[in-house]
Amino acid sequence: MSYSVTLPDSSTRDYSEPKSLDAIAQDIGSGLAKATVAGRIGGDLVDASEVVSQDCSVELITTSEPEALEVMRHSCAHLLGHALKQLIPEARMAIGPVIENGFYYDVETPEPLSDEFLPQLEERMRELAREDYEVVREVVERERAMQVFETRAEPYKQEIVRDIPDGEIIALYHHQEYIDMCRGPHVTNTRHIRHFKLTHLAGAYWRGEASGPVLTRIYGTAFFSKAELDAHLKYLEEAARRDHRRIGRAMGLFHLQDEAPGMVFWHGKGWTLYQICEQYMRARLKDAGYQEVHTPQLIDYSLWERSGHADKFGEGMFSLNNQHRDYAVKPMNCPGHVQLFNQGLRSYRELPLRFAEFGILHRNEPSGTLHGLLRVRKFTQDDGHIFCAMDQLQDEVERAIAFNFDVYSDFGFDSVEVMLSTRPEQRVGSDEVWDRAEKILEDALQNSALEWTVQPGEGAFYGPKIELALRDCLNRTWQCGTVQVDFSMPERLGAEYVAEDGSRQTPVMVHRAVLGSLERFIGVLLEHYDTGLPLWLAPVQAIVLNITDAHAEYARRVGEQLTAAGIRTEVDLRNEKIGRKIREHTLARIPYHLVVGEREMSENTVAVRLPGGEDYGAHPVSDVIALLRGIISGRGLLPEMSSVEDSSKLA
């Protein structure tokens with residue numbers, strides 16, 4: 001027999017016997033063979049050990065390609081399993097998938113694991129990787145897989161095997177004496193796994209179900225080069241330093257506790273920051289033509305059934321029964337806003353009708369996913385819903401996009417990723433309606449002069465959507481804003497308006513959020529700015545510090561002047577050394593330290609210091625007030641002293 005293999009450059013190679021992709025790579029060149037991690041046959045991603053024996057197209061995936069990194073990281077999870085079973089034979093392996101920037105493995109062990117165990121586990125992984133052993137793939141029947149994992153006393157693997165649909169391939173991967181199971185692909189030799197690091201442990205429920213066993217999740221990361229690994233570890237160190245929970249403690253903003261899991265206790269300064277964000281958004285929404293509304297926290301469960309939320313999100317809703325009626329604590333604002341629209345017969349002349357609500361929402365997030373302000377069970381969403389006619393939709397979408405970008409700019413986020421999520425397989429509405437809606441969103445993005453990527457099939461069941469993700473100073477993205485088109489809910493909940501021709505029509509509903517969850521957005525702000533929020537957002541904008549008790553009264557008067565000028569000011573009159581005061585307020589990230597001593601008191605000035613240690617000397621109180629008010633009103637992102645006398649000294 002003979003067959004031809006077509007490579008990506010359209011060149012072909014002819015063979016007379018079956019060849020693995022590894023062998024084809026070796027045939028092309030030893031350098032390529034060393035770099036080949038996996039491949040594609042006819043477009044399907046496969047192990048490099050996969051054998052071809054007929055005409056086909058072949059692509060070799062090398063270490064320079066993103067797909068190779070994912071394959072290697074997945075194999076690194078298997079290597080972790082191999083090492084763990086050698087160190088703790090009684091360990092039970094659950095799942096070990098690839099995640100962004102790394103991998104994890106959920107395991108059950110006789111005794112709880114600690115962070116001190118990770119270096120030992122990591123070193124055993126390195127010893128195994130240096131053996132350069134072959135990883136062998138074996139396709140098996142369900143009975144064989146069940147027998148293997150029964151013999152190895154792996155109950156979680158057995159449960160996975162039982163749940164694999166009939167007809168789906170079951171593949172075992174042999175790492176010397178260790179056997180794992182996966183769809184693959186995986187590396188064919190551990191020589192590809194060299195630069196990795198186990199980072200931390202966490203708890204996890206089996207299959208994410210709170211009623212299931214609690215497992216230990218071992219996190220790790222891996223790269224093809226030491227330089228990439230070192231750069232990522234440095235990034236992780238910086239991300240940990242910027243953890244909003246640590247910053248929140250330092251600034252005295254909030255705390256969480258077990259008695260109210262996933263719900264935030266806002267301290268005075270934290271609530272000030274929260275209110276700054278909310279009041280800013282409230283003013284912007286009013287200027288944009290929104291009516292601020294408010295809807296109940298508890299609504300009869302039947303409304304959630306009619307809206308479709310009970311079917312789609314029932315497990316994530318808090319519900320209760322009172323006086324023989326079932327209620328749900330609202331997880332979303334949209335059904336309530338439709339009820340507002342339905343009060344009275346609407347005319348086309350009222351459209352577009354824009355509702356906004358700072359709606360307090362509750363969602364029963366799994367406890368293992370809760371994470372500070374970034375993932376909570378109770379949060380406030382800056383929600384908005386626009387009811388419009390189809391011919392108004394594109395203009396409303398463009399307005400919403402521009403509004404979001406304008407808000408993000410005020411908060412200092414100038415890099416925003418835009419995604420267009422299109423129709424999923426399971427959806428409501430005709431293809432004609434979806435075609436038109438997707439075209440409207442595309443045209444709106446085009447008219448807004450934006451670059452975007454398409455996420456096929458990621459739209460909501462009721463319509464396509466635009467997603468906006470903020471990129472922070474560590475190049476992380478945070479999905480915050482959405483503009484979603486909904487053809488379903490208005491019809492399901494009986495929303496109608498009288499069109500110009502007198503007919504009854506169903507409005508299009510646009511779901512729109514800017515900040516999203518205020519809690520989450522504040523967490524993002526804290527991690528983005530770290531050393532200090534922009535002055536207009538700082539809960540305390542200036543702190544007045546007296547050097548000795550003799551200057552206390554003057555310090556009070558300065559504080560009163562700043563407060564009267566609308567500057568959020570505190571006065572620290574403690575009998576402590578000035579250096580200690582400055583250090584404490586630096587850690588608390590208060591933007592301006594105004595120090596007063598004998599000279600400042602006699603000259604009616606303050607000595608201006610910034611948390612970074614910059615000393616701008618003494619300046620008249622009136623000049624400093626004018627400076628701070630100017631920065632605040634302009635939402636300046638960095639302290640600027642150019643308006644103060646002797647600006648050359650302050651440059």
Side-chain angles (χ1 to χ4, degrees), residues 278 281-297 299-300 303-304 306-309 330 332-359 361 381-407 428-430 432-434 436-441 443-444 447-448 460 462-466 481-515:
E278 182 177 305
M281 285 302 303
R282 177 168 280 119
R284 294 301 306 267
L285 289 165
K286 183 178 180 181
D287 290 344
Y290 286 82
Q291 301 178 32
E292 186 174 342
V293 299
H294 191 72
T295 56
Q297 289 296 110
I299 300 178
D300 192 286
L303 180 64
W304 304 106
R306 286 191 288 134
S307 71
H309 288 97
K330 69 174 178 179
M332 300 178 182
N333 296 303
C334 26
H337 288 190
V338 179
Q339 305 315 299
L340 293 172
F341 183 89
N342 287 349
Q343 295 305 297
L345 187 60
R346 301 287 183 179
S347 165
Y348 72 94
R349 298 179 187 277
E350 298 177 72
L351 305 184
L353 186 61
R354 307 183 187 100
F355 291 148
E357 178 174 7
F358 295 94
L361 308 179
Q381 190 167 40
D382 65 330
D383 224 344
H385 293 94
I386 304 165
F387 297 88
C388 63
M390 182 63 87
D391 60 4
Q392 297 170 324
L393 179 59
Q394 182 169 324
D395 182 61
E396 288 302 309
V397 170
E398 290 181 20
R399 286 170 58 103
I401 293 170
F403 183 81
N404 281 35
F405 271 81
D406 198 28
V407 168
V428 296
S430 67
E432 180 183 3
V433 171
W434 277 86
R436 186 174 180 188
E438 289 176 355
K439 181 65 163 58
I440 285 173
L441 296 189
D443 289 346
N447 293 342
S448 302
Y462 49 73
K465 61 182 176 179
I466 294 169
T482 57
V483 181
Q484 305 181 45
V485 177
D486 187 348
F487 306 117
S488 171
M489 196 178 304
E491 183 175 12
R492 294 180 72 143
L493 298 183
E496 289 184 337
Y497 69 94
V498 178
E500 190 171 5
D501 62 3
S503 63
R504 300 290 182 93
Q505 299 292 327
T506 301
V508 181
M509 186 177 183
V510 179
H511 303 245
R512 176 232 47 109
V514 184
L515 306 184

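- Looking at heavy atoms from C-beta onward, Met489 lies in side-chain contact with His511 at the 4.5 angstrom threshold.
- With sequence neighbours excluded, the residues satisfying side chain to side chain donor-acceptor pair (under 3.5 Å) with Glu292 are Arg282.
- With sequence neighbours left out, the side chain to side chain donor-acceptor pair (under 3.5 Å) criterion links Glu350 to Arg346.
- With Asn333 contributing its side chain and His294 its backbone, the two residues share no donor-acceptor pair below 3.5 Å.
- By the side chain to side chain contact (heavy atoms under 4.5 Å, CB included) test, Asp501 is found to be paired with Ala499, Ser503, residues two or more places apart in sequence or in another chain being considered.
- For the 3.5 Å distance criterion, the side chains of Thr295 and Gln339 fail to qualify, holding no donor opposite an acceptor.
- Within the 4.5 Å cutoff, the side chain of His385 has heavy atoms near those of the Met509 side chain.
- Atom CG of residue Leu285 and atom CD of residue Glu278 lie 10.5 Å apart, to the nearest 0.5 angstrom.
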Report task. Test side chain to side chain contact (heavy atoms under 4.5 Å, CB included) on Val485 and Glu438 and set out the steps. Result -> CA-CA 9 Å; Val485 177; Glu438 289 176 355; over 6 Å; no

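- The side-chain heavy atoms of Met390 and Phe487, taken from C-beta on, include a pair separated by under 4.5 Å.
- Contact check for Arg284 versus Val514: no side-chain heavy atoms found under the 4.5 Å cut-off.
- Remark: Asn404 CG to Arg512 CZ distance equals 7.0 Å, nearest 0.5 Å.
- Asn447 contributes atom CG, which lies 5.5 Å from atom CD of Gln394 (distance to the nearest 0.5 angstrom).
- Shortest non-hydrogen contact noted between Pro335 and Trp304 is CG-CZ3, 3.4 Å.
- Smallest separation of non-hydrogen atoms from Lys330 and Pro296: CD-O, 3.3 Å.
- Ring geometry for Tyr290 against Phe403 counts as tilted: the plane angle lies between 30° and 60°, on a 0 to 90° scale.
- Note that the CD atom of Glu398 and the CG atom of Leu441 stand 10.5 Å from one another [nearest 0.5 Å].
- The CG atom of Asp391 sits 9.0 Å away from atom CD1 of Ile440, with the distance rounded to the nearest 0.5 Å.
- With sequence neighbours left out, Arg504 forms a side chain to side chain contact (heavy atoms under 4.5 Å, CB included) with Leu345, Glu496, Val498.
- A 4.5 Å side-chain heavy-atom check between Val293 and His337 finds at least one atom pair inside the cut-off.
- Smallest separation of non-hydrogen atoms from Val510 and Cys388: CG2-SG, 4.4 Å.
- Considering only residues two or more places apart in sequence or on other chains, Phe387 meets the ring pair (Phe, Tyr, Trp, His ring centres under 6.0 Å) condition with Phe341, Phe355.
- Val483 places none of its side-chain heavy atoms less than 4.5 Å from the side chain of Glu396.
- Here Asp300 pairs with Ser302, Arg325 under the side chain to side chain donor-acceptor pair (under 3.5 Å) rule; sequence neighbours left out.
- Taking every heavy atom of both residues into account, Arg399 and Ala288 meet most closely at NH2-O, 3.3 Å.
- For the atom pair CD (Gln381) and CG (Leu515), the distance works out to 10.0 Å, reported to the nearest 0.5 Å.
- For the residue pair Gln484 / Tyr462, a side-chain donor-acceptor distance below 3.5 Å is found, with atom types taken as modelled.
- Taking all atoms of both residues into account, the shortest heavy-atom contact from Leu493 to Ser307 is CD2-N, 3.9 Å.
- Listed for the Asp406 side chain is no donor-acceptor partner under 3.5 Å among the backbone atoms of Ala402.
- By the neighbour-count criterion of 12 heavy atoms within 6.0 Å, atom CD of Gln505 is densely surrounded, having more than that number from other residues, nucleotides or ligands.
- In terms of heavy-atom proximity, Leu351 sits nearest to Gln392 at O-NE2, 3.2 Å.
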